[in-house]
Number of protein chains: 2
Amino acid sequence: MTAEDAHLDSTFAALADPTRRAIVTRLLEGDCTVGDLAEPFEMSLAAVSKHLAILTRAGLVTQTREGRTKWCRLEVTSLRPAALWMEAFGSFGAGDLDALEAMLIQQGLAEPDQP
Amino acid sequence: MTAEDAHLDSTFAALADPTRRAIVTRLLEGDCTVGDLAEPFEMSLAAVSKHLAILTRAGLVTQTREGRTKWCRLEVTSLRPAALWMEAFGSFGAGDLDALEAMLIQQGLAEPDQP
DNA sequence: GATCCATTCAACCATTTGGTTGACGATTCA
DNA sequence: TGAATCGTCAACCAAATGGTTGAATGGATC
């Protein structure tokens with residue numbers, strides 16, 4: 001198995017969990033501490049820490065220690081190989097922009113159009 | 001967890017394996033029987049059958065029986081939600097919808113807005 | 001030093017995955 | 001009818017996930 005394959009493996013595996021996708025979405029808005037990231041979830045801090053370990057192992061997140069807290073940063077470029085793989089199958093037909101925008105709005109990442 | 005989340009889960013999980021990605025790539029060239037799909041791999045037919053079950057459960061593949069053989073077809077549209085999710089994060093940050101739309105238009109994947 | 005705070009480690013548990021082998025069901029064909 | 005073919009099912013195994021709790025680490029603070 002090539003290194004490229006291994007990276008796609010860990011990237012897709014990292015994204016195959018709603019908690020981790022939520023963490024990634026949250027990090028898109030800016031760096032966070034582990035505690036910040038754990039706060040919205042009804043699970044132990046240790047569980048979130050494990051999710052972060054999986055994201056870090058996949059290269060999607062980097063952590064830097066600052067005092068006794070740890071800051072997490074999203075490495076957007078690390079998502080690109082998987083995004084490109086998907087794009088190879090990409091059948092984004094015209095008209096799908098609406099569906100995409102609807103999803104982004106639902107996730108709070110975009111504002112509804114003002115008619 | 002929403003149904004959308006569940007679909008992203010199963011889609012990303014299905015893609016998090018090199019054998020299954022190879023199967024998907026192969027199916028892009030056209031429909032195949034289970035035996036055809038299994039042939040390139042150094043693993044049992046039963047193992048490939050299990051991989052196909054995972055792809056089928058995720059909605060990425062449909063199977064139709066014809067005599068004693070079974071034909072597998074890639075359902076490209078089923079990849080779209082995950083592809084859109086990746087596209088939103090792989091290349092652009094929040095608020096970059098305009099840039100995303102511009103890229104899609106440039107690639108002929110979307111139509112310009114009618115002002 | 002004592003103590004709180006943020007985070008991880010360790011051990012445990014249930015479930016899923018990725019593979020094996022062998023038996024089985026369904027279908028075709030001599 | 002009987003035998004070969006295509007594919008799945010069942011049982012098993014090792015390893016990884018996703019979660020828990022409780023102890024341990026590394027810095028701040030008093």
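Chain A is the first sequence line, chain B the second, and so forth, proteins listed ahead of strands; every chain is numbered from 1.
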(message) Contact between B:T64 and B:R73 at the side-chain level, heavy atoms closer than 4.5 Å - yes or no?
(response) no
(request) Group every Ile, Leu, Val, Met, Phe, Trp and Tyr by side-chain heavy-atom contacts under 4.5 Å, then state whether A:L52 and A:F41 land in the same group. (result) yes
(message) Heavy-atom nearest nucleotide on DNA chain D for A:R68 versus A:A16: which residue maps closer to 5'?
(response) A:A16
(request) Using a 4.0 Å heavy-atom cut-off across all strands, classify B:Q63 as base, sugar-phosphate, or nothing. (result) sugar-phosphate
(message) Rounded to whole Å, how long is the line connecting atom NZ of A:K70 with atom C1' of D:dG26?
(response) 11 Å
(request) Using a strict 4.0 Å threshold on nitrogen-to-oxygen distance, state whether B:D5 and A:R21 make a salt bridge. (result) yes
(message) Between B:P81 and B:T11, is there a side-chain heavy-atom distance shorter than 4.5 Å?
(response) no
(message) When you measure from the side chain of B:R65 to the backbone of B:G67, do you find a donor-acceptor pair of N or O atoms at a distance under 3.5 Å?
(response) yes
(request) Compare all side-chain heavy atoms of A:M86 with those of B:L15 and state whether any distance is below 4.5 angstrom. (result) yes
(message) Quick check: do B:M43 and B:T19 have side-chain heavy atoms less than 4.5 Å from each other?
(response) yes
(message) Do A:L79 and A:I54 sit in one hydrophobic cluster, given that two such residues count as connected whenever their side-chain heavy atoms are within less than 4.5 Å of each other, even indirectly?
(response) no
(request) Using a cut-off of strictly less than 4.0 Å, decide whether A:H51 has a side-chain nitrogen or oxygen near OP1 or OP2 of D:dT17. (result) no
(message) Closest-nucleotide mapping onto DNA chain C: is B:I54 or B:G67 further toward the 5' terminus? I mean the 5' end.
(response) B:I54
(message) Contact list please: residues 40-50 of chain A against DNA chain D, heavy atoms, distance less than 4.0 Å, in numerical order.
(response) A:M43, A:S44, A:A46, A:A47, A:K50
(request) Rounded to the nearest angstrom, tell me the gap between atom CG in B:L37 and atom P in D:dG7. (result) 9 Å
(message) Are A:Q63 and A:V34 packed together at the side-chain level, in the sense that at least one heavy-atom pair is separated by less than 4.5 angstrom?
(response) yes
(request) In whole angstrom, give the distance that lies between atom CG of B:D17 and atom P of D:dA16. (result) 14 Å
(request) Using the heavy-atom set of chain B and a strict 4.0 Å cut-off, write down the first and last nucleotide of DNA chain C that makes it in, 5' to 3'. (result) C:dT17 to C:dT28
(request) Calculate the interatomic distance between B:W71 atom CH2 and D:dT8 atom P; express it in whole Å. (result) 14 Å
(message) Using whole Å, what does the distance between atom P of nucleotide D:dA15 and atom CZ of A:R57 come to?
(response) 15 Å
